Protein chains: 2
Amino acid sequence: MATKRKAYHHGDLAAELLRVGGELLAAEGPEALSLRELARRIGVSHQAPYRHFFDKDALLASLAAEGFMDLGRVVAKAAARHPNDSVGQLVAAGVAYVEQGLKQPERYRLMFGRQSSSPTPNSQQLEEESHAAFGHLVAIIERGQANGVFKSGDPQELAAAAWCQVHGLTSLLIDERLDEVPAGGKARRQFLAQMCGHLPDGLRRRAT
Amino acid sequence: MATKRKAYHHGDLAAELLRVGGELLAAEGPEALSLRELARRIGVSHQAPYRHFFDKDALLASLAAEGFMDLGRVVAKAAARHPNDSVGQLVAAGVAYVEQGLKQPERYRLMFGRQSSSPTPNSQQLEEESHAAFGHLVAIIERGQANGVFKSGDPQELAAAAWCQVHGLTSLLIDERLDEVPAGGKARRQFLAQMCGHLPDGLRRRAT
DNA sequence: CGAGCCAAGTGGACACTGTCAACATACTGA
DNA sequence: TCAGTATGTTGACAGTGTCCACTTGGCTCG
C-alpha cells in the first residue's frame, strides 16, 4: 500500500519493512527501532528502506496508521455486539479499546507519540485512520442521544470526553502507572469494564 | 539536590544541568534533547554530566520528577480554592492539571514517556513524586465520600478514574488530537471545565 | 527484438549520538 | 602538608539517520 507495483528485486520490500518493523517495534519499542537494524534483518542494504519511505518518521507513521486501523476495527466489532444498548456499546467499545492497546503496548505508544513535524503521505494516512477510528465513537454517542439515553450536547465533545477516559486508562496501564490492577484475563476485563463505566454512570451519587 | 556539597570547579553543575536541560526540553522535546548539546551550552565537556547523573535516562528522570512536583503543587493549590465543595475541587484540580500540562507540553510528554528500565536513584525519586501527586487526588475523593457527595467505593479506584480522564485529555490536547478546541485563555478554561465535569456529572441523562 | 529508461538496491561517507577508559585538576580533611 | 577524592577533560568506539554517487535489473516502446 505504501508504494505501488508488484515485485522487483526483493519482492515487495515495503510490506516486508512494515511486517518486520512491527515485530521489532513490539520487541524493542519505538525509540529502539533502528532503520539499519531493520534492513539488516531483512537482508538488504541500509539505504534500501529509503526507496519506500521518505523518512524513518514516515515508516513509523505507517506503523502507527496500521495500529489505528486495527483499533477502529476492534472497537466497531465490540460495539456491534450490543445492539439497542448505548451504554453497553460505549462500555464494550471502551474495554475493547483498552485491551487492544494493552495487546500492542509499544505500537500504542507510537500511535500517540510525537507527530513528525513535516507532513508526508504516510503521516496523512495516519491522520485519516485516526479520524476514522474516532468516528466510530461519535456514531455510538449519536445513536445514544437519538434514543434518549445520553444527554444532549455536541456529540463530538461527548465522544471526546469518552475518548479521553479510555485513552488515559490505556496509557496509564501501559506505563504501569496504576497500581492494584488485576492481571488475569477475566478479573482484568471486569476491572476495565468498571473503569470504563464510571464515565457513563457518573461519579456523583444519585438520589436513591 | 541530585548530588551534594556546594560548588567545586563549575559551581553546582547538577542544578545547571537541570535548568538548561529544562529549557532545551521545552524547546526541542525529550527525543531531541542531547547530553552533548546540553554540555556544550553550559560550556563543559561532554563527559561532565556523567559525574552528576548516571545516565541520560537518569537526567531525564530528574526532569520528569520536577514536573510531577510542579503538577502536585498546582493541583493542590487549585483544590484549596474550593473548600466544602468536593465536585468543585475535583473540577478545579482537573482544570489546573490540564493547564499545567499544556504549559509545559514537552515535559509532560517526558513524564509519561517510557520508563528507564534499570532503576536509578533519580527514577525512584520520580516514582515518589508521581505517587505524591496522585495522593492529592485521592484525598479529594475521600473528603467527598465522607461528605456523601461521591458514591462509595475504593477511593483509589475512583481517583484513578478521574486521573485517567484528565491525563487522557491532557495528552490528546498536547498531541493536538482533539479538534475544535478554543484557543483563548477564558474560552479554553471553560472548555476544560466542561470536559473535566463530564466525569463527576455523568454522561447519562438523569431522571428529571 | 533490442535499446534505453528508470525504479530498486548498493556501498561509502558524514555528522551526530551515548558511553567507556584513562587522564588531569582542584578542593578537603587529617 | 599531603594524600584522597570529587570533579572535569580528552580521546576513542560503536551505533545511528541520511546525503551522495554508483550499479543492477525489469519494463516499455520503437
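Numbered from 1 within each chain, the chains take letters A, B, ... in sequence-line order. Just so it is clear, the model here is predicted, and its values are computed rather than measured.
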At what distance, to the nearest 0.5 angstrom, does CZ of A:R107 lie from CD of A:E66?
5.0 Å

Tell me: CZ of B:F54 to P of C:dG18, nearest whole Å?
15 Å

More than 12 heavy atoms from other groups under 6.0 Å of CZ on A:R114
yes

Nearest whole angstrom, please: distance from the C1' of D:dT5 to the CZ of B:R51.
11 Å

Side-chain donor/acceptor contact of A:H46 with base of C:dG9 under 3.5 Å
no

Spatial distance of atom CD1 (A:I140) from atom CZ (A:F150) [nearest 0.5 Å]:
8.0 Å

If you restrict it to nitrogen or oxygen atoms, what contacts under 3.5 Å exist between nucleotides 13-17 of chain D and the protein, and what is each distance?
| unit_1 | atom_1 | unit_2 | atom_2 | d |
| --- | --- | --- | --- | --- |
| D:dT16 | OP1 | A:S34 | OG | 3.1 |
| D:dT16 | OP2 | A:R40 | NH2 | 2.8 |
| D:dG17 | OP1 | A:L35 | N | 2.9 |
| D:dG17 | OP1 | A:K56 | NZ | 3.3 |
| D:dG17 | OP2 | A:L35 | N | 3.2 |
| D:dG17 | OP2 | A:R36 | N | 3.2 |
| D:dG17 | N7 | A:R36 | NH1 | 2.5 |
| D:dG17 | O6 | A:R36 | NH1 | 2.9 |

Between atom CZ in A:F53 and atom C1' in C:dG9, what is the gap in whole Å?
16 Å

For A:Y50, check ring-ring contact (aromatic ring centres under 6.0 Å, His included) against everything at least two apart and list the hits.
none

Heavy atoms from C-beta onward define the side chain here; which of C:dG12, D:dG8, C:dG9 lies closest to that of B:H52?
D:dG8

For B:V138, all residues meeting side-chain contact (heavy atoms from CB on, under 4.5 Å), sequence neighbours excluded
B:F134, B:E142, B:P155, B:A159

Calculate the interatomic distance between A:L59 atom CG and D:dT18 atom C1'; express it in whole Å.
14 Å

Can you check whether B:L90 reaches B:I141 side chain to side chain, under 4.5 Å on heavy atoms?
yes

Atom-pair distance (CD on A:E16; C1' on C:dG9), nearest Å:
15 Å

In whole angstroms, the gap separating P of D:dT7 from CG of B:D12 amounts to 10 Å

